[in-house]
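Let me begin by presenting the structure, written as structure tokens, before commenting on it.
Worth knowing before you read on, the calculation uses all heavy atoms, side chains too, and leaves out hydrogens, waters and symmetry mates.
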Amino acid sequence: MNKSLKQGLLFTALGTYSNFALQILIQMVLSRLLTPYDYGTVAIMSVFILFFQIMIEAGLGPAIIQNKELTMENNYVLFNFSVIFSILIACLFGLFGIVLSKIYNNPIYIYLTWLQAISVFFNGLNIVPTALLNKEKLFKKVNFSLVISNFFSAVVGISVAFNGGGIYALILSTITTSVINFILNRFFTKVTFNFNFDLSQLKKVWKFAKNQFAFNFINYFSRNADNILVGKFMGTSDLANYNKAYQLLMLPNTLFINVVNPVLQPVLSDYQDNPEYIRGVYYNIIHVLMLIGIPLSVFLSSTSKQIIFSMFGSQWSSAIFPFSVLSMTVWSQLAVTPVGAVFQARNQSDKLFVTGIFTGTGLISSIIIGIYFGTINSVAICLTIGFIYSFIINYYRLIKYSLGGKFSIFAKQFYSPVVLGCIMFAVLKIEGYADPNNLLLSLIFRGIIFCFCWGCFVWFTPEKKIVIKFIKRGDINE
């Protein structure tokens with residue numbers, strides 16, 4: 001694997017893990033200071049913030065990365081358009097509070113959306129600078145910005161919460177992240193606003209961007225329909241418990257996929273006409289991710305009570321079962337998330353869009369069925385089935401229509417990870433008979449067992465050479 005990918009993974013890992021530590025700190029503190037109602041209220045807004053951000057980006061970021069012919073002058077024009085879009089969408093989000101107040105019977109949204117519109121605006125401004133940094137493979141600067149902005153976000157959020165700010169602690173924390181992140185990225189890229197609005201520059205990225213936007217649009221609803229419907233039909237407290245479980249489900253993505261995904265398209269786009277190279281790199285990454293993801297799914301599912309209570313406190317007991325069920329799909333989340341980056345790197349946003357239609361339909365259908373049964377537990381069970389369906393569809397279409405590989409070779413990447421998962425399940429099952437009564441000690445003890453079993457398996461099997469080569473050189477085939 002080339003030097004750019006290796007360096008990108010290194011700097012992205014440093015940024016991701018630093019941000020992870022900060023986010024865990026924020027969540028552990030705020031979860032004890034704020035109520036499920038506070039979290040549920042903000043969770044509803046957060047769902048729609050993502051939608052408005054998709055509207056602002058309109059697939060522009062990935063399109064800038066993929067197009068190698070854009071000049072800096074072209075980028076300035078695209079930034080000009082993004083500024084106008086950001087202003088318009090931020091104002092629409094502020095007005096959208098009226099709609100939210102009607103849907104959820106809570107007038108507080110009329111005021112909160114205008115405050116949160118600040119983060120929508122700055123996130124929109126940040127699209128072009130971030131894309132330019134990634135395109136130039138300046139991953140060190142991208143992650144420096146994230147770490148600094150999240151640090152100040154933690155300081156602001158925790159300070160406001162300790163001073164009785166309540167729900168505003170969460171909102172001001174989000175605003176701080178978006179503002180500082182944009183300021184730093186704008187400083188690094190020197191991109192500036194002018195009054196050049198040449199539509200021909202938009203046409204250069206439109207073909208790619210429109211399919212990317214369509215995919216993001218579908219993916220948004222498939223990934224957020226559960227929050228929207230749970231909040232509407234089950235209330236903010238149920239939504240808060242469900243959302244807390246879902247956030248924990250996404251943490252492995254933060255730890256592993258968020259290290260790989262931002263780097264894949266910028267680097268692999270240089271090889272968009274070489275599917276054999278991309279396929280080899282991708283299979284290598286999937287093998288290592290599954291070696292982590294499958295046993296991790298077993299650990300998280302069997303240790304859900306200890307994790308929820310130790311991290312967030314006993315008031316979140318209703319999140320235990322949803323998390324235990326959803327965490328069984330951690331491996332599939334790790335496997336599916338990079339699929340979009342590979343389609344993008346192959347310049348196949350149209351195939352990504354069609355794939356999104358298939359997977360989105362399945363996920364939304366599973367959520368609706370879960371809502372019909374009336375509990376967040378049923379939603380978690382049905383969504384778990386939907387995630388497995390999504391995994392099958394994604395990989396069928398990726399291998400058949402983009403990478404031109406054989407399913408038998410792809411399946412080989414799962415053999416050793418499945419064996420390790422079975423071993424992990426048996427060991428943790430036996431440990432349950434001698435589990436400490438103290439939940440924090442139990443979590444620590446089971447965590448040590450997980451690390452020990454994983455390390456022994458890797459050390460005493462051929463996986464040792466694979467992992468060492470991947471860490472040292474970034475390519476397990478070398």
Side-chain angles (χ1 to χ4, degrees), residues 19 22-23 25-27 29-57 82-127 129-130 145-146 148-186 193 220 224 227-228 230-232 235-237 239-240 243-244 247:
N19 289 328
L22 287 171
Q23 291 299 320
L25 173 64
I26 294 172
Q27 290 295 320
V29 174
L30 296 186
S31 292
R32 286 165 168 79
L33 295 174
L34 306 179
T35 66
Y37 173 82
D38 292 330
Y39 269 94
T41 302
V42 174
I44 289 173
M45 276 202 310
S46 299
V47 169
F48 292 100
I49 286 174
L50 291 174
F51 174 72
F52 280 85
Q53 288 178 181
I54 289 172
M55 292 177 64
I56 293 176
E57 184 190 36
S82 74
V83 172
I84 301 302
F85 293 155
S86 298
I87 294 172
L88 292 175
I89 298 301
C91 290
L92 283 175
F93 183 75
L95 294 171
F96 189 68
I98 299 173
V99 178
L100 287 180
S101 67
K102 300 292 184 183
I103 295 175
Y104 296 102
N105 299 314
N106 192 341
I108 194 174
Y109 292 114
I110 296 176
Y111 312 103
L112 292 183
T113 51
W114 281 109
L115 184 59
Q116 196 71 284
I118 298 173
S119 65
V120 173
F121 172 68
F122 279 97
N123 284 332
L125 295 185
N126 200 30
I127 290 168
T130 302
S145 297
L146 285 173
I148 297 300
S149 59
N150 277 291
F151 171 78
F152 283 102
S153 171
V155 172
V156 170
I158 293 174
S159 299
V160 174
F162 268 112
N163 284 279
I167 195 172
Y168 294 97
L170 297 170
I171 295 176
L172 293 176
S173 176
T174 303
I175 292 173
T176 303
T177 300
S178 60
V179 172
I180 295 180
N181 196 23
F182 165 71
I183 291 173
L184 291 173
N185 286 345
R186 189 280 172 212
F193 177 84
Y220 162 80
N224 293 281
N227 286 311
I228 296 171
V230 169
K232 171 61 179 175
T236 53
S237 292
L239 172 61
N243 188 257
K244 188 67 71 174
Q247 285 180 342

Partner residues of [X] under the side chain to side chain contact (heavy atoms under 4.5 Å, CB included) criterion, sequence neighbours left out:
{"X": "Ile98", "answer": "none"}
{"X": "Val99", "answer": "Phe96, Ile103"}
{"X": "Ile183", "answer": "Val179"}

- Task: Identify the heavy atoms of Ser173 and Gly157 that sit nearest to each other, and give their distance.
- Result: CB-CA, 3.9 Å

To the nearest 0.5 Å, tell me how far [X] [atom1] sits from [Y] [atom2].
{"X": "Leu146", "Y": "Phe151", "atom1": "CG", "atom2": "CZ", "result": "15.0 Å"}
{"X": "Ile180", "Y": "Ser153", "atom1": "CD1", "atom2": "OG", "result": "8.0 Å"}
{"X": "Ile175", "Y": "Tyr168", "atom1": "CD1", "atom2": "OH", "result": "11.0 Å"}

Pair up each side-chain donor or acceptor in residues 108-118 with any protein partner under 3.5 Å, not counting sequence neighbours, and list the distances.
unit_1: Tyr109; atom_1: OH; unit_2: Thr41; atom_2: O; d: 3.3
unit_1: Thr113; atom_1: OG1; unit_2: Gly94; atom_2: O; d: 2.9
unit_1: Thr113; atom_1: OG1; unit_2: Gly97; atom_2: N; d: 3.4
unit_1: Thr113; atom_1: OG1; unit_2: Tyr109; atom_2: O; d: 2.8
unit_1: Trp114; atom_1: NE1; unit_2: Gly94; atom_2: O; d: 3.3
unit_1: Gln116; atom_1: OE1; unit_2: Ser119; atom_2: OG; d: 3.1

- Task: Please list, chain by chain and in numerical order, all residues satisfying side chain to side chain donor-acceptor pair (under 3.5 Å) with Thr130, sequence neighbours excluded.
- Result: Asn126, Asn185

- Task: For Phe152, enumerate each residue passing the ring-ring contact (aromatic ring centres under 6.0 Å, His included) test, keeping only those at least two apart in sequence or located in another chain.
- Result: none

- Message: Looking only at side-chain N and O atoms, does Ser149 offer a donor or acceptor that is under 3.5 Å from a partner on Thr177?
- Response: no

- Task: Quickly, which of Leu125, Asn123, Val120 forms a side chain to side chain contact (heavy atoms under 4.5 Å, CB included) with Ser178? Name it, please.
- Result: Asn123

